[in-house]
2 protein chains.
Amino acid sequence: MTTAWPSHSFKTPCERCPLRANPSFREFNSEELDFVSKFKKGELTVDPGATILVEGAHSAHLFTVLSGWGFRYKALEDGRRQILNYVMPGDLVGLQGTIAGEMQHSVEALSPVSLCVFERDKLMTLYNKHASLAFDITWIAAQEERILDEHLLSIGRRTALERAAYLIAFLFERGKALKLFNSHASIPITQQHVADTLGLSIVHTNKTLKKLANRNLIRWQERTCEVLDGDGLMAAAGWEGPGKKVRPFI
Amino acid sequence: MTTAWPSHSFKTPCERCPLRANPSFREFNSEELDFVSKFKKGELTVDPGATILVEGAHSAHLFTVLSGWGFRYKALEDGRRQILNYVMPGDLVGLQGTIAGEMQHSVEALSPVSLCVFERDKLMTLYNKHASLAFDITWIAAQEERILDEHLLSIGRRTALERAAYLIAFLFERGKALKLFNSHASIPITQQHVADTLGLSIVHTNKTLKKLANRNLIRWQERTCEVLDGDGLMAAAGWEGPGKKVRPFI
DNA sequence: CGGTTCGTTGAGGAGCCTCAACGTGAGTGG
DNA sequence: CCACTCACGTTGAGGCTCCTCAACGAACCG
């Protein structure tokens with residue numbers, strides 16, 4: 001009962017960063033820790049449904065997700081929306097704004113999300129002074145690329161049922177690695193999010209999810225998806241799961 | 001028997017790198033040029049249809065495409081294949097092998113392709129000694145991510161006709177920026193490649209491409225796609241085109 | 001308590017799929 | 001030199017997947 005960190009705290013010191021407690025993240029040495037502490041400008045907390053970044057914006061900031069769930073998406077002019085990926089603790093958000101000048105996608109919160117805020121201007125200093133952290137940022141970008149590759153394979157070549165199973169298994173595995181679940185594994189998404197991720201209509205998504213529920217793989221309750229059988233989902237998707245590896249974060 | 005390369009690895013000096021002639025690539029300063037020259041181990045040339053990298057392989061090398069066209073793809077166990085993106089001059093190939101330990105996708109040549117070969121081991125030196133080049137690598141990775149975002153939007157939310165128009169417009173714009181075309185803009189792909197990129201069957205792809213041809217946007221000839229009206233394709237796709245920017249390469 | 005979001009279900013139709021067949025051109029071997 | 005094969009593009013037929021339209025119940029909220 002002691003370690004629930006206060007929601008009103010402005011700045012969690014990096015030395016006591018809650019992400020560090022998770023062994024799936026790599027350790028910092030003291031020098032790195034020192035730099036990141038100075039690199040961090042503050043914290044930001046947003047409500048479910050809030051937009052963290054919008055397509056076209058020139059943000060001066062870069063974020064790391066401390067807690068909560070969100071998603072990245074793009075939309076066509078007529079409103080058709082595609083969810084590209086989900087953002088979860090440890091993920092770096094807004095790097096594209098640094099590279100392309102402006103954001104090419106939007107980011108929205110699914111649950112309450114808290115983020116570390118970094119100043120974009122200092123990024124070059126990071127590259128100049130801390131090669132290991134620079135490498136970590138490349139690592140994170142390449143990892144995101146790898147995930148997008150898998151999503152592309154899924155949307156392009158899997159059936160609706162396989163796609164749905166893959167998506168939920170993917171989110172389940174990520175959440176598990178981040179220790180986001182207690183006894184119940186609940187993913188805070190609506191069926192509309194699933195539809196917009198899989199490139200399906202909401203009606204067909206509903207019918208597809210029903211099939212997964214009938215197989216006792218998932219249960220849909222109170223605007224969340226509860227995973228009953230992660231291995232069953234992976235089997236239904238024909239997906240091996242992500243490799244287990246220690247990952248960096250900033 | 002001095003080299004394992006399929007063809008003679010004569011070496012173009014980096015100072016006279018043909019990519020440098022193109023103003024859309026950023027300039028190196030002499031120090032950077034010096035390092036890259038030493039970083040470069042040799043050259044590799046492969047024939048059309050040849051596999052440059054295979055999923056699962058642990059390659060000790062990293063490549064930059066000097067000339068030619070290729071593509072990255074993933075496949076499901078039953079053979080369904082998804083083309084993820086195309087590789088063209090200036091593109092970095094094999095970075096994922098450095099990050100994830102092994103390649104998560106395969107790369108195949110569409111035309112004769114020549115590549116610069118770099119030693120993966122020296123990558124950390126690049127990060128330690130040349131922050132600007134390290135930043136460039138991150139830039140390239142983030143740019144690839146941006147393109148995958150667009151492809152995902154396309155496959156997920158565009159109709160078959162829009163998707164086809166987008167793909168060809170995309171390849172056309174990239175080729176144009178790289179000055180790969182003379183009077184005729186010919187893209188060296190088959191309809192099977194288009195199908196595997198768009199997530200469609202070959203039959204439906206053929207009928208869709210016919211529609212684009214009937215609108216005088218493209219012409220299919222001798223296993224290549226000739227672009228007649230790039231702006232018309234972009235309009236048909238509802239795509240703005242890529243921003244014009246100077247890009248780095250290694 | 002009316003409005004809104006979310007999940008659910010049915011009906012009918014469009015888009016895309018598979019199967020099947022065929023023409024062409026390039027290569028290959030008898 | 002010609003029959004053969006193979007890769008590629010093309011076309012038709014029929015059917016399944018997924019779509020849109022429409023309606024409704026439940027939970028939540030101002």
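Below, chain A is the first sequence line, B the second, and so on; all start at residue 1. Since the structure is predicted, the reported quantities are computational estimates derived from the model, not experimental observations.
- Screening A:Gln104, A:Glu144, A:Gln82 for a side chain to side chain contact (heavy atoms under 4.5 Å, CB included) involving A:Arg72 leaves a single residue, A:Glu144.
- Considering only residues two or more places apart in sequence or on other chains, B:Thr190 meets the side-chain contact (heavy atoms from CB on, under 4.5 Å) condition with B:Gln192, B:His193, B:Arg223.
- Here the C1' atom of nucleotide D:dT20 and the CG atom of A:Leu200 are 14 Å apart, to the nearest Å.
- The distance between atom CD1 of A:Ile202 and atom P of D:dC21, rounded to the nearest whole Å, is 15 Å.
- Place A:Arg157 and A:Trp220 on DNA chain C by their nearest nucleotides, and A:Trp220 ends up nearer the 5' end.
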| Test side-chain contact (heavy atoms from CB on, under 4.5 Å) applied to B:Thr64 and B:Asp91, step by step | CA-CA 6 Å; B:Thr64 286; B:Asp91 285 354; over 6 Å; no
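- When heavy atoms are screened at a 4.0 angstrom cut-off, A:Leu209 is found touching no nucleic acid atom at all.
- Rounded to whole angstrom, the span from the CG atom of B:Asp196 across to the C1' atom of D:dC8 amounts to 14 Å.
- Considering only side-chain atoms of A:Val203, the nucleotide from D:dC21, C:dT18, C:dC17 that sits closest is D:dC21.
- In this structure, the CD1 atom of A:Ile218 is 11 Å from the P atom of C:dG7, given to the nearest Å.
- Nearest nucleotide to the A:Lys210 side chain, out of D:dT10, C:dT8, C:dC16: C:dT8.
- Applying the 4.0 Å criterion to OP1 and OP2 of D:dT10, one finds that B:Gln191 has a side-chain N or O inside that range.
- Geometric assessment of A:Arg158 against the ring of A:Tyr166 yields a positive cation-pi assignment under the 6.0 Å and 45° thresholds.
- The phosphate of D:dG9 has neither OP1 nor OP2 within less than 4.0 Å of any side-chain N or O from B:Lys207.
- Taking atom CD on A:Gln192 and atom P on C:dT8, their separation rounds to 14 Å, with Å as the unit.
- We find that CZ of A:Arg219 is positioned 21 Å from P of C:dC6, with the value rounded to whole Å.
- In this structure, B:Arg80 places its CZ atom 12 Å from P of C:dC17, rounding to the nearest Å.
- Note on B:Gln221: every side-chain N or O is 4.0 Å or more away from OP1 and OP2 of D:dG9.
- Listed candidates were C:dC16, D:dC8, C:dT18. Nearest to the side chain of B:Thr190 is D:dC8.
- As judged by a 4.0 angstrom heavy-atom cut-off over every strand, B:Gly49 is placed among residues making no nucleic acid contact.
- B:Arg158 has its CZ atom 21 Å from the P atom of D:dC18, to the nearest Å.
- Mapped onto DNA chain D by nearest heavy atom, A:His204 and A:Arg223 fall at different nucleotides, with A:His204 at the one closer to the 5' end.
- Checking the phosphate oxygens (OP1, OP2) of D:dG9, no side-chain nitrogen or oxygen of B:Asn206 falls inside 4.0 Å.
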What pairs of donor and acceptor atoms, side-chain ones from residues 48-59 of chain A against any protein atom, are under 3.5 angstrom apart with sequence neighbours left out?
{"from": "A:His58", "atom 1": "ND1", "to": "A:Gly101", "atom 2": "O", "distance (Å)": "3.2"}
{"from": "A:His58", "atom 1": "NE2", "to": "A:Glu102", "atom 2": "OE1", "distance (Å)": "3.4"}
{"from": "A:Ser59", "atom 1": "OG", "to": "A:His61", "atom 2": "N", "distance (Å)": "3.0"}
{"from": "A:Ser59", "atom 1": "OG", "to": "A:His61", "atom 2": "O", "distance (Å)": "3.3"}

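- Nearest-nucleotide mapping onto DNA chain C: of A:Ile189 and B:Thr205, the residue sitting toward the 5' end is A:Ile189.
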